[in-house]
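Read the structure below first, then the notes.
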2 protein chains.
Amino acid sequence: MPKSKSYKLVAEPADLPPEADQAHRFEKARTAQATALLEDYAELISDLIGTEGEARPTDIARRLGVSHATAIKSIARLKREGLATSKLYRGVFLTPAGEMLARRARARHRLVVDLLVAVGVPQEAAEVDAEGIEHHVSDETLRAFATYLGRA
Amino acid sequence: MPKSKSYKLVAEPADLPPEADQAHRFEKARTAQATALLEDYAELISDLIGTEGEARPTDIARRLGVSHATAIKSIARLKREGLATSKLYRGVFLTPAGEMLARRARARHRLVVDLLVAVGVPQEAAEVDAEGIEHHVSDETLRAFATYLGRA
DNA sequence: TTCGATTTGTAGCCTCGGCTACAATTAGGC
DNA sequence: GCCTAATTGTAGCCGAGGCTACAAATCGAA
Ligand SMILES: [Mn+2]
Ligand SMILES: [Mn+2]
Ligand SMILES: [Mn+2]
Ligand SMILES: [Mn+2]
């Protein structure tokens, strides 16, 4: 992950050229996309461990609909970023950081599906669309969803 | 149960293994992501032509927050896919297919922002998040949004 | 225990979308 | 009209995330 200047706490000057705003939005979307894969893997690994007792690369690959080679390479990225570990022929595990990411991803995923259904989106469409939408929902937006659903 | 008469590409037998559903959702999200860049460019080019009279690569790059080399390369992809044309030093234009894509992208973008605001998301957060969310909103979900907003 | 099937890992290829550096073209001020 | 600045385009690099093909390790049934 490219260092991502995390100046989220810094107030953003209101006197920037107008197109800078737009550029900043696109940049946020690109950043979100860069973490989407990590979030999906973390959530899935956590699910598999919970339901199957273990998360094997082959199962991960089948659930994601990618080749096992692709899954293994992505798992390598998770390890590189300190989110997962794995022992040869013994499955993949999440580090504390990975667990935390998985928990938040799962909670957000559920909230997004519930919000969509609450505003009238059919269940199956909500499930499908949420898989992509979830990665672009900020904490602020998530709080608004929770409030709307009466779970503030 | 998993119905939704799909396109000719993927035949969906009703008795698929349960994890195939999940794989299919992930695949949809990946497909949506593959077209996200095209949609953003088409929408932006259309906007620039509308407000500035022309869409020059440099302006496109600045609005997107990427280098002009990146923008030019992406514009090449739009041309390759029949969505845009350009004359040397004379800006970028949209083909009819590109215009159509831009129109739909803009309408969807607006509906997504409006939906977010309607459920209580602050305006600025809605604008930011919509830039990513929009690409994962299916037609079915979009219709539900329109209905919710009373624009059925 | 042995041996074939499954699982896991590696190697190499591809496209995409970032970037910088540099080259060429055009536009504009003087 | 000339020269500089801006714009546009090209070349080459990179990492991410797809893929297939092949190799190695493990598992499990006979
Ligand atoms: Mn997802
Ligand atoms: Mn998810
Ligand atoms: Mn967008
Ligand atoms: Mn948009």
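In what follows, chains are A, B, ... by sequence order, proteins preceding strands, each numbered from 1.
Linking ILVMFWY residues whenever their side-chain heavy atoms come closer than 4.5 Å, directly or via other members, places I75(B) and L37(B) in the same cluster. Residues I133(B) and V119(B) fall within the same hydrophobic cluster, defined by Ile, Leu, Val, Met, Phe, Trp and Tyr side chains chained together at heavy-atom separations under 4.5 Å.
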Between the protein and nucleotides 13-20 of chain C, which nitrogen or oxygen pairs come in under 3.5 angstrom?
residue, atom, partner, partner atom, Å
dC16(C), OP2, R80(B), NH2, 3.1
dG17(C), OP1, R77(B), NH1, 2.5
dG17(C), OP2, R77(B), NH1, 2.7
dG18(C), O6, K73(B), NZ, 2.4
dC19(C), OP2, S67(B), N, 2.8
dC19(C), OP2, S67(B), OG, 3.2
dC19(C), OP2, T70(B), OG1, 2.9

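When rounded to the nearest whole Å, the span between CD of E39(A) and P of dA16(D) equals 16 Å. The interatomic distance linking Y89(B) (OH) with dA5(D) (P) rounds to 17 Å, in whole Å. Regarding I75(A), its CD1 atom lies at a distance of 12 Å from the P atom of dG18(D), rounded to whole Å. In this structure, the CD1 atom of I60(A) is 16 Å from the C1' atom of dG17(D), given to the nearest Å. In this entry the distance linking CZ of F26(B) with P of dG18(D) reads 11 Å, nearest Å. For I72(A) and dA21(D), the CD1 to P distance is 17 Å, given to the nearest whole Å.
At a threshold of 4.0 Å, the pair R25(B)-E124(A) counts as salt-bridged, since one of the basic side-chain nitrogens sits closer than that to a carboxylate oxygen.
Partners of R143(B) by salt bridge (charged side-chain N to carboxylate O under 4.0 Å, His left out), not counting sequence neighbours: none found.
Residue R90(A) places its side chain closer to dC27(D) than to any other of dG9(D), dT8(C), dC27(D).
A distance of 11.0 Å separates CD1 in I60(A) from CG in D47(A), rounded to the nearest 0.5 Å.
Contact check of residues 45-58 of chain B against DNA chain D (heavy atom, cut-off under 4.0 Å) returns R56(B), P57(B), T58(B).
Aromatic pair H136(A)/H135(B): ring centres not closer than 6.0 Å.
A donor-acceptor pair is defined here as one N or O able to donate and one able to accept, closer than 3.5 Å; no such pair exists between the side chain of T35(B) and the backbone of L38(B).
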Derivation and outcome, side-chain contact (heavy atoms from CB on, under 4.5 Å), residues Q123(B) and L116(B): CA-CA 8 Å; Q123(B) 185 72 30; L116(B) 290 175; over 6 Å; no
